[in-house]
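What follows is a short report on a single structure.
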Amino acid sequence: MPVQSFVYNSAPQRVVFGAGSLQHLAREIDALGARRALVLSTPEQRPQAERIADMLGVHAAGVFDRAVMHVPIETAREAREVAQRLGADCAVAIGGGSTTGLGKAIALDSGLPILAIPTTYAGSEMTPIYGITEAGMKKTGKDFKVLPRTVIYDPELSLTLPVDMSVTSGINAIAHAAEGLYATDANPIMDLMAQEGIAALGRALPAIRAFAEDAAARSDALYGAWLCGTVLGNVGMALHHKLCHTLGGSFNLPHAETHTIVLPHALAYNAAAAPEAMARIAKALGGSNAAQAVFDLARDNGAPVALRDIGMKESDLDVACAHALQNQYPNPRPLERDAIRALLQNAWEGARP
């Protein structure tokens, strides 16, 4: 089949990948031209943040360990003030999407360069997309100022990521690639990355479930997350991501678990309108039906498959549906109120597509 016309934009970003690559941290900070780094983390990952600060020695401005899901605007403002007060000229974000998101919020306002050290498979580190929650609503935007300048992928740092978090984080990454395959601005380069990323995670997650410290599987998963995150950063997303931003920001549901639960149903909704994308997803996961293959990957590896199991109230589904229909956005299938309400009901119940 001949290659169709397309536009491909590449981002100015440095990736350092491999077991033990954290050892290059000081070199990479120096390459940024930075001298005082504020280290960011969640409260739970403060020990890792302190390890980073120790490695940086006099070049560590301090540790800010208040990163939380969905980046509340109050936390973002506090972090910006701390960075300014400590004279930081860059930020090092170690952890998952919450910490990277906080780094982006700082960069958005200050322009500070970000070095990201992912320990999950969120993929946020590969995108110029940011999200900040204010008054219960998560607002997203795109600005290359927030794209981390350097990313260090060290699979050794993910060896202790709990299996349940590994699985949901990995399926969250798959969601980026899956929607990238039917994006209105899709291109063949991103299609290759998307299918390869899904396949890598499809191999890795069952292996991690079987043995959490499988170094090869951890490397595969991080590689897949990098590819899927790159897709997220280069092409547009659709219904699935809109639903997850609505559910996460408005009802404070856990990010990766929400993506894991919603993805099979979003794929089922779009299946007839995007058959080539569905065929690629199914092939990457060794299945015959994309939506069912993703659902089975989650269910068979111990991930939640029902919104009711992660704190969503059935009485809130109508509100969620109304939010999802606000501000029309590209999607292979037109947004239909009754069908989206049924999608949410199925996701709430955990029905297999």
Between Tyr223 and Trp226, what is the ring plane arrangement, given parallel below 30°, perpendicular above 60°, and tilted in between? perpendicular
Looking at residues at least two apart in the chain, or sitting in another chain, which of them share a salt bridge (charged side-chain N to carboxylate O under 4.0 Å, His left out) with Glu134? none
Qualifying salt bridge (Lys or Arg N to Asp or Glu O under 4.0 Å) pairs with a residue from residues 3-14, counting only residues at least two apart or across chains: Arg14-Glu28
Pairs in or reaching into residues 140-166: which pass salt bridge (Lys or Arg N to Asp or Glu O under 4.0 Å), with residues at least two apart or in two chains? none
Residues two or more places apart in sequence or in another chain: which of them pass salt bridge (charged side-chain N to carboxylate O under 4.0 Å, His left out) with Arg35? Asp30
Okay, side chain of Arg80, backbone of Ala105: is any donor-acceptor separation there less than 3.5 Å? yes
Under a plain distance cut-off of 3.5 Å, with no hydrogens placed, do Tyr121 and Arg218 share a side-chain donor-acceptor pair? yes
Just so I know, are the side chains of Phe64 and Glu78 near enough to count as touching, which here means a heavy-atom distance under 4.5 Å? yes
Just say parallel, tilted or perpendicular for the rings of Phe251 and His323, cut-offs at 30° and 60°. parallel
Test side chain to side chain donor-acceptor pair (under 3.5 Å) on Tyr269 and Glu336; report intermediate values, then the result. CA-CA 10 Å; Tyr269 181 96; Glu336 301 167 14; 4.7 Å; no
Salt bridge check: are Arg46 and Glu50 linked by an N-O gap of less than 4.0 Å? yes
Establish whether Met190 and Met126 are linked, either directly or via other cluster members, by ILVMFWY side-chain heavy-atom contacts under 4.5 Å. yes
Just to verify, what does Arg85 make a salt bridge (charged side-chain N to carboxylate O under 4.0 Å, His left out) with, not counting sequence neighbours? none
Indicate the atoms forming the closest heavy-atom contact of His24 with Val16, along with that distance. CD2-CG1, 4.2 Å
For Ala207, enumerate each residue passing the side chain to side chain contact (heavy atoms under 4.5 Å, CB included) test, keeping only those at least two apart in sequence or located in another chain. Asp214, Ala217
Under a 3.5 Å distance rule, please check whether Gln292 uses its side chain to pair with a backbone N or O of Pro353 as donor and acceptor. yes
When you compare the side chain of Lys104 with that of Ile114, does any pair of heavy atoms fall below 4.5 Å? no
Determine, for Arg352 against Asp296, whether the closest basic-nitrogen to carboxylate-oxygen distance falls under 4.0 angstrom. yes
Of the non-hydrogen atoms in Pro148 and Gln13, which two are nearest, and what is the gap between them? O-NE2, 2.9 Å
